[in-house]
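All values below were derived from every heavy atom in this structure, side-chain atoms included, with hydrogens, water molecules and symmetry-related copies excluded. Numbers here are sequence positions counted from 1.
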Amino acid sequence: MKSPGWLTGCALALACAHESKGVVSQSDTKMQGAVVGASQPPADGATAAIRPFNVNVPEDALVDLRERIAATRWPDRETVPDRSQGVQLEKLQALVRYWGTGYDWRKAEAKLNALPQFMTTIDGLDIHFIHVRSRRPNALPVIITHGWPGSVIEQLKIIAPLTDPTAHGGRAEDAFDVVIPSMPGYGFSGKPTGTGWDPDHIARAWAELMKRLGYTRYVAQGGDWGSPVSNAMARQAPAGLLGIHVNLPATVPPEVAAVLPVGGPAPAGLSEKERAVFDVLLTSAKMGNLAYVVMMGARPQTVGYGVTDSPAGLAAWLLGHPGFAQLSYGDDREKSPTRDDVLDNITLYWLTNTGTSAARLYWENAGRGVISAAAQKTAEISLPVAITVFPEEVYRAPETWARRAYRNLIYFHEVDNGGHFAAWEQPELFAAEIRAAFKSLRPADPRVSAR
């Protein structure tokens, strides 16, 4: 049997070297349950069509979910007082108990349907997206990409501050048109039936989406998987893309990425701050925080059986992400994300049966670490790049590494609050950072429309 150190090394290697009405079929409804509202996939010759979309989950799917929750067979309690063995039983049981008895998916459904949602087919795959235009003239279009274990649910609270900045501490000229797609295999987007939908492919699809929407000047933003997708967009430099903003930047230098998987030692010449970041990355891997990367990167199908069959299993798998370690999601009813916010996201995975298809993105990525400068080929990026560092992110990128990785870094800011799910946790702060990051990329002539 392999030693724990082997698992640590693999995890870190993957992480650091390393989106009329139609319904699902009757057989799928028993497992999946969600109605994919909007239109049926377009006929040949109409693949560029953009179709309106609405969510309408049949009641029997929600009844089935509650019955499965009630029938959950629970494991024994962990033998440690912390998360070192995984998601803690007592906390998960409380959340799942509420999920089965007090939670109301219809509220989430209403929030989604209150927004303009659409579907379009790109490279043979249906892509779901939210598209909210600002009422302000000359708004700058931004395409925002979520990650795992998130969804478009993560970004709902930043839509109003971005599209209507004057109501949220900004200026009228700070307005954005907001496009938030569901990643392939996630949420209401289609599930790839073949291989090849990696971040580079998704980046090309996003450029096509913005072109279909008629945008000739726009910016891109992403955290988690949204970071490699945005990095890829910047490398590909499609016509109209002005620059990107990322909140999980690929700044880890090659000499650091080379020694992290084997446990060090730290390369010579690191500053005090850089050495502190190195130590955090090393400790995180040794604690097993990246084990989920190994599992989904190597065997997403195997992981999928459990998360597809058991709501509690799905919840535990998603909440096992280290980004949730600092979040209460229930202890403080006013703190974002709330308990209902988190369950909206988990329920979306359940109803669309995307636990497995979402996990395959790790396999598609083939170990190209999302925070490795070399793996993300940041040296090939010439477009402007902006970075915000949130204090409770999985690692706090030093500015020295950021400037080395991105030769056209136009904005770098370390803020005081927020973590891995920054748009969810600190929506007002997150929106303010996007405004500041892209301020210099707006058209100099206010009469020039970005649309």
A.B. asks: Taking all non-hydrogen atoms of both residues into account, name the closest pair between A315 and V96 and its distance.
C.D. replies: CB-CG2, 4.5 Å
A.B. asks: Do any N or O atoms from the side chain of D174 and from the backbone of P165 form a donor-acceptor pair under 3.5 angstrom?
C.D. replies: no
A.B. asks: So, do M287 and S84 sit near enough that their side-chain heavy atoms are less than 4.5 Å apart?
C.D. replies: no
A.B. asks: Which heavy atom in A402 sits nearest to a heavy atom in T251, and how many Å separate them?
C.D. replies: CA-CG2, 3.7 Å
A.B. asks: Looking only at non-hydrogen atoms, find the nearest pair between P116 and V132 and report the distance.
C.D. replies: CD-CG2, 3.8 Å
A.B. asks: Do F188 and S151 come close enough that some side-chain heavy atom pair is under 4.5 Å?
C.D. replies: no
A.B. asks: Going from CD1 on I159 to CZ on F176, what distance comes out if it is rounded to the nearest 0.5 angstrom?
C.D. replies: 13.5 Å
A.B. asks: Could you tell me whether the side chain of D341 reaches within less than 4.5 Å of the side chain of L156, counting heavy atoms only?
C.D. replies: no
A.B. asks: Using every non-hydrogen atom in the two residues, find where P322 and V394 come nearest and quote the distance to one decimal.
C.D. replies: CG-CG1, 4.5 Å
A.B. asks: CD1 of I144 to CD of Q155: how many Å apart, nearest 0.5 Å?
C.D. replies: 6.5 Å
A.B. asks: Is the F430-W424 ring centre distance short of 6.0 angstrom?
C.D. replies: no
A.B. asks: Roughly how far, to the nearest 0.5 Å, is CD1 of I244 from CD1 of I381?
C.D. replies: 5.0 Å
A.B. asks: Let's go through W99 and T347 carefully: what are the C-alpha distance in whole Å and the side-chain angles of both, what is the deciding distance for side-chain hydrogen bond (donor to acceptor under 3.5 Å, both in side chains) to 0.1 Å, and is it a yes or a no?
C.D. replies: CA-CA 9 Å; W99 193 13; T347 307; 3.0 Å; yes
A.B. asks: Regarding R403 and E399, does a basic nitrogen lie under 4.0 Å from an acidic carboxylate oxygen?
C.D. replies: yes
A.B. asks: Is it true that the side chains of T308 and W350 contain a donor and an acceptor less than 3.5 Å apart?
C.D. replies: no
A.B. asks: Begin from the C-alpha positions of I410 and S440 and carry the test side chain to side chain contact (heavy atoms under 4.5 Å, CB included) through to its verdict.
C.D. replies: CA-CA 9 Å; I410 62 168; S440 66; 3.8 Å; yes
A.B. asks: Within a 6.0 Å radius of atom CZ on R66, are there more than 12 heavy atoms belonging to other residues, nucleotides or ligands?
C.D. replies: yes
A.B. asks: For a 4.5 angstrom cut-off between non-hydrogen side-chain atoms, does W105 reach L343?
C.D. replies: no
A.B. asks: Does a side-chain heavy-atom distance below 4.5 Å link P267 with V256?
C.D. replies: yes
A.B. asks: Between L89 and D76, what is the shortest heavy-atom contact and its length?
C.D. replies: CD2-C, 4.1 Å
A.B. asks: Report yes or no: do T145 and W225 form a side-chain donor-acceptor pair below 3.5 Å?
C.D. replies: no
A.B. asks: Between T120 and R212, is the side-chain hydrogen bond (donor to acceptor under 3.5 Å, both in side chains) condition met? List the steps.
C.D. replies: CA-CA 9 Å; T120 192; R212 289 186 188 180; 2.7 Å; yes
A.B. asks: Counting neighbours of NZ on K439 that are heavy atoms of other residues, nucleotides or ligands and sit closer than 6.0 Å, is the number greater than 12?
C.D. replies: no
A.B. asks: Is there a donor-acceptor contact under 3.5 Å from the side chain of E414 to the main chain of T388?
C.D. replies: no
A.B. asks: Ignoring hydrogens and geometry beyond distance, is a side-chain donor-acceptor pair present between N113 and E109 at under 3.5 Å?
C.D. replies: no
A.B. asks: For the residue pair R360 / Q301, report whether a side-chain donor-acceptor contact shorter than 3.5 Å exists.
C.D. replies: yes
A.B. asks: Looking only at side-chain N and O atoms, does E428 offer a donor or acceptor that is under 3.5 Å from a partner on H168?
C.D. replies: yes
A.B. asks: For the rings on H131 and F53, is their centre-to-centre separation under 6.0 Å?
C.D. replies: no
A.B. asks: Given 3.5 Å as the limit, does a donor-acceptor pair link the side chain of T72 with the main chain of W74, or not?
C.D. replies: no
A.B. asks: If only atom types and distance count, is the side chain of S357 paired as donor or acceptor with the main-chain N or O of G185 below 3.5 Å?
C.D. replies: yes
A.B. asks: Is any side-chain heavy atom of L260 less than 4.5 Å from a side-chain heavy atom of F278?
C.D. replies: yes
A.B. asks: Give, for atom NZ of K211 and atom CG of L241, the distance between the pair rounded to the nearest 0.5 Å.
C.D. replies: 14.5 Å
A.B. asks: Under a 3.5 Å cutoff, is there a donor and acceptor pairing between the side chains of S382 and N408?
C.D. replies: no
A.B. asks: I'd like to know if E272 and R275 make a salt bridge, using a cut-off of under 4.0 Å between side-chain N and carboxylate O.
C.D. replies: no
A.B. asks: I'd like to know if the side chain of E425 pairs up with that of N417 as donor and acceptor (distance under 3.5 Å, no hydrogens or angles considered).
C.D. replies: no
A.B. asks: Is there a donor-acceptor pair under 3.5 Å between the side chain of Y186 and the backbone N or O of A358?
C.D. replies: yes
A.B. asks: Would you please test R204 and D123 for salt bridge (Lys or Arg N to Asp or Glu O under 4.0 Å) and show each step?
C.D. replies: CA-CA 10 Å; R204 293 190 294 271; D123 294 345; 5.9 Å; no
A.B. asks: Does N345 use its side chain to pair, donor to acceptor, with the backbone of P149 at less than 3.5 Å?
C.D. replies: yes
A.B. asks: So, R97 and E90, do they make that salt bridge, N to O below 4.0 Å?
C.D. replies: no
A.B. asks: If you round to the nearest 0.5 Å, how far is CG of L248 from OG of S227?
C.D. replies: 5.0 Å
A.B. asks: Does some side-chain heavy atom of R83 sit less than 4.5 Å from a side-chain heavy atom of Q88?
C.D. replies: yes
A.B. asks: Output the distance between atom CD (Q236) and atom CG (N231), rounded to the nearest 0.5 Å.
C.D. replies: 11.0 Å
A.B. asks: Given 3.5 Å as the limit, does a donor-acceptor pair link the side chain of Q85 with the main chain of T79, or not?
C.D. replies: yes
A.B. asks: Quick one: does S336's side chain have a donor or acceptor within less than 3.5 Å of a partner on T338's backbone?
C.D. replies: no
A.B. asks: Compute both the distance and the angle, then confirm whether R396 meets the cation-pi test with F390: under 6.0 Å from the six-membered ring centre, within 45 degrees of the axis.
C.D. replies: no
A.B. asks: Please report whether the ring centroid of H128 lies less than 6.0 Å from that of F118.
C.D. replies: no
A.B. asks: Heavy atoms, side chains only, cut-off 4.5 Å: are V178 and T163 in contact?
C.D. replies: yes
A.B. asks: Could you give me the CA-CA distance, side-chain angles and deciding distance for T378 and R407, then say whether side chain to side chain contact (heavy atoms under 4.5 Å, CB included) is met?
C.D. replies: CA-CA 8 Å; T378 59; R407 53 184 163 133; over 6 Å; no
A.B. asks: Please answer whether the main-chain N or O of H146 pairs with a side-chain N or O of E154 as donor and acceptor at a distance below 3.5 Å.
C.D. replies: no
A.B. asks: Taking E274 for the side chain and S271 for the main chain, is one N or O donor matched with an acceptor at less than 3.5 Å?
C.D. replies: yes
A.B. asks: Do the side-chain N and O atoms of Y103 and D344 include a donor-acceptor pair separated by under 3.5 angstrom?
C.D. replies: yes
A.B. asks: As a quick check of understanding, evaluate side-chain hydrogen bond (donor to acceptor under 3.5 Å, both in side chains) for E392 and H420, giving each step before the final call.
C.D. replies: CA-CA 7 Å; E392 294 177 358; H420 187 72; over 6 Å; no
A.B. asks: Is the distance between the ring centroids of F421 and H321 under 6.0 Å?
C.D. replies: yes
A.B. asks: Would D309 and R68 satisfy salt bridge (Lys or Arg N to Asp or Glu O under 4.0 Å), going step by step from the backbone distance to the final call?
C.D. replies: CA-CA 9 Å; D309 186 62; R68 288 173 180 265; 3.6 Å; yes
A.B. asks: May I have the step-by-step check of side chain to side chain contact (heavy atoms under 4.5 Å, CB included) for Y215 and I143, ending in yes or no?
C.D. replies: CA-CA 11 Å; Y215 290 126; I143 182 166; over 6 Å; no
A.B. asks: Taking all heavy atoms of G190 and all of L125, pick out the closest pair and write down the distance.
C.D. replies: C-CD1, 3.6 Å
